[in-house]
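See structure below.
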Amino acid sequence: MTLKNRISLLVSLLFTILFGLASTVIFILYSNYRKEEFRDRLEIKALSNIKLLVNVKQIDNQLLKIIDQNSINKLYDEKTLVFDSNYKLIYSSIDDAKINWSVEDLKYLKKNKTFFKQQGDYEVYGVFYDTNDKDFYALISATDDYGKKKLLFLRYTLVVSYIFFTTICWLLTSFMVRKAMNPLLAFHQKIKNINENNLDTRIASNSTKNEVDLLADEFNFMMDRIEVSYQKQKEFTAHASHELRTPLSRMTSQIENAIADPDLKPKNNSFLKNILADVNHLGELINSLLILSKIDNRNTENIEIQRLDEILFSSIEKINKTFPDFVILFEMEESDDLDTALEIKGNKNLLEIALTNILKNAYIYSDNKQAKVKISTDHYHLIISVSNTGDTLNEEEQKNLFEPFMRGQNSKRTSGFGLGLRIVQRILTVHKANITYSTPNINTNLFQLFFEL
């Protein structure tokens, strides 16, 4: 789970839990308040009936029932019972509702003065009233229909509010966290695209100096050190390669002169030829390292409009001089836009090196000294395809094909250093192009170079 999703989830869950607890507490408090309020109403009603019976001499049971029936404070499904000190019922309201009572309830009232309990849908309140000469007990039962309707409305309101506001919270939290994390996403995207060809990439830092800006500053400082180290390494490779070429050239010249000596014995001649081959081999390695050190997309010289077909023909001509037996079958698709697509911005020498290396690779690893070269286009690219028949690479070798000094199992009988394809990839990267390898058929190697249109 990503950090932004984790933060969104935690914040939303926290709000959901807190809002749920708050809604529950509100409902419980209001429910208790309703009970207490209804209890007070029952108490007032019960005491008023007792006082009318006891204190007003002109009030009899029948008149009290009429007064009770027409009272503005009449309760829903109300039932009132009044008992004297001998637990004898002296008054009962005219309602049909029933109150379940026992003498034990009245004794409990005398001891505790009041009680309040639930009987099914009814709530019963009991009160003990003590006068100077007599004791009275009153039981009153009613249903708080109005209060329960308000409680039900409150419950529905809280449930709907909970669902609505938690949904809004989840959406807003996700949006706000995503917006707050945008600098980190941009940071990640820039880091992901960094390679040896764009070490000058830096992250923009604002003056707010928040955590993202501090991280960006440290990252930029780290990239400064990496770029300096990488440049020093490249300079060392370039200088070392350049300095090694001079003694190797002298060695080559001296060995060639020695081989040309007519008085040289055949045995020594064979020995010197082997040494010359090794020196030339070493010279190729140094030239490859020197080319790699000079390829840099930040300082590519001689960027002009070039025609790839002309560079390809030049590379074919050059490779044929080195390998006269190399047969190249050339094909160019017919397209109205091909002539324009063949023109790209680039460095002619570097592109020629790349195409020559690809053709050389096709010759070395071909089983019949032949290769097919095709120029085609799709909607977005100019494509140069070079294919040959021969041993192919396995999946593991294909993953590391463009790494330096990588050589597959099919290279056991050939000489080389594994730098040719690395040089090709670096040159294409400079020109914002790429190269792929595939095996469309058994024993068929296919390299495709894609140049953006």
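Quantities reported herein were computed from a predicted structural model and do not represent experimental measurements.
Counting non-hydrogen atoms of neighbouring residues, nucleotides and ligands closer than 6.0 angstrom, the NZ atom of K113 exceeds 12 such neighbours. More than 12 heavy-atom neighbours from other residues, nucleotides or ligands sit within 6.0 angstrom of CZ on F313. Annotation for R178: atom CZ does not count as buried by contact number, only 12 or fewer foreign heavy atoms lying within 6.0 Å. Heavy atoms from other residues, nucleotides or ligands lying under 6.0 Å from CZ of F330 number more than 12. Other residues, nucleotides and ligands contribute more than 12 heavy atoms inside 6.0 Å of the CE atom of M332. Heavy-atom contacts from other residues, nucleotides or ligands closer than 6.0 Å to CD of E403 number more than 12. No more than 12 heavy atoms of other residues, nucleotides or ligands lie within 6.0 Å of CD1 in I442, so this atom counts as exposed by the packing criterion.
No side-chain donor-acceptor contact under 3.5 Å links N434 to the backbone of L428. Looking only at distances, a side-chain donor or acceptor of T167 sits under 3.5 Å from a matching main-chain atom of I163. In this structure, the side chain of N320 engages the main chain of I316 through a donor-acceptor pair within 3.5 Å. Under a 3.5 Å cut-off, the side chain of D378 and the backbone N or O of H381 do form a donor-acceptor pair. Between the side chain of S12 and the main chain of S8, a donor-acceptor pair closer than 3.5 Å is present. Between the E397 side chain and the N394 main chain, a donor and an acceptor come within less than 3.5 Å of each other. No donor-acceptor pair closer than 3.5 Å links the side chain of S253 to the backbone N or O of S249. Using a distance-only test at 3.5 Å, with no hydrogens or angles considered, no donor-acceptor pair links the side chain of S174 to the main chain of W170. N220 contributes a side-chain N or O that, together with a main-chain N or O of A216, makes up a donor-acceptor pair within less than 3.5 Å. Q398 places no side-chain N or O within donor-acceptor distance of the main-chain N or O of S438, the cut-off being under 3.5 Å.
Remark: T24 OG1 to L158 CG distance equals 8.5 Å, nearest 0.5 Å. Atoms CH2 and OG, from W101 and S141 in turn, are 14.5 Å apart once rounded to the nearest 0.5 Å. Considering CG of L350 and CZ of R426, their distance stands at 11.0 Å, rounded to 0.5 Å.
In summary, the side chains of D145 and T143 do not present any donor paired with an acceptor at a separation below 3.5 Å, with no hydrogens or angles considered. Using modelled atom types and a 3.5 Å distance limit, the side chains of N388 and Y363 yield no donor-acceptor pair. Of the N and O atoms on the side chains of T389 and N443, not one donor lies less than 3.5 Å from an acceptor on the other residue. E352 and S314 are linked by a side-chain donor-acceptor pair at a separation below 3.5 angstrom, with hydrogens and angles left out of the test.
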Legend entry - side chain to side chain contact (heavy atoms under 4.5 Å, CB included) between T377 and I383, intermediate numbers included: CA-CA 6 Å; T377 60; I383 306 171; over 6 Å; no
Legend entry - side chain to side chain contact (heavy atoms under 4.5 Å, CB included) between N347 and L351, worked out: CA-CA 6 Å; N347 182 288; L351 290 172; 5.7 Å; no
Legend entry - Verdict with reasoning, L308 to F451, per side chain to side chain contact (heavy atoms under 4.5 Å, CB included): CA-CA 10 Å; L308 271 180; F451 296 87; 3.6 Å; yes
Inset, instruction - Before giving the answer on side chain to side chain donor-acceptor pair (under 3.5 Å), spell out for Y365 and D391 the whole-Å C-alpha distance, their side-chain angles and the decisive distance to 0.1 Å. - result: CA-CA 7 Å; Y365 297 103; D391 294 335; over 6 Å; no
Inset, instruction - Show your working on side chain to side chain contact (heavy atoms under 4.5 Å, CB included) between F447 and I384 and close with a plain yes or no. - result: CA-CA 8 Å; F447 284 94; I384 297 179; over 6 Å; no
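We find that E310 and K348 are not joined by a salt bridge, their nearest charged nitrogen and carboxylate oxygen being 4.0 Å or further apart.
Of all the heavy atoms in L338 and E333, the pair that sits closest is CD2-O, 3.1 Å. Of all the heavy atoms in L272 and I255, the pair that sits closest is O-CG2, 3.5 Å. Taking each heavy atom of N100 and D105 in turn, the nearest pair found is O-OD2, 4.1 Å. For the pair H379 and L453, the tightest heavy-atom approach, listed with the atom from each and the gap, is O-CD1, 3.9 Å. Pairing each heavy atom of P440 with each of L446, the nearest pair is CD-CB, 3.7 Å. Minimum heavy-atom separation, F165 to F15: O-CE2, 3.7 Å.
Only one option out of K372, Q448, K374 pairs with S385 in a side-chain hydrogen bond (donor to acceptor under 3.5 Å, both in side chains); it is Q448. Tested against E123, the residues K117, Q118, R39 include a single side chain to side chain contact (heavy atoms under 4.5 Å, CB included) partner, Q118.
Side-chain contact check for V127 versus F115: every heavy-atom pair is 4.5 Å or farther apart.
Annotation: cation-pi geometry not satisfied between K369 and F323 (NZ/CZ under 6.0 angstrom from ring centroid, within 45° of ring axis).
Residues Y125 and F38 keep their aromatic ring centres 6.0 Å or farther apart.
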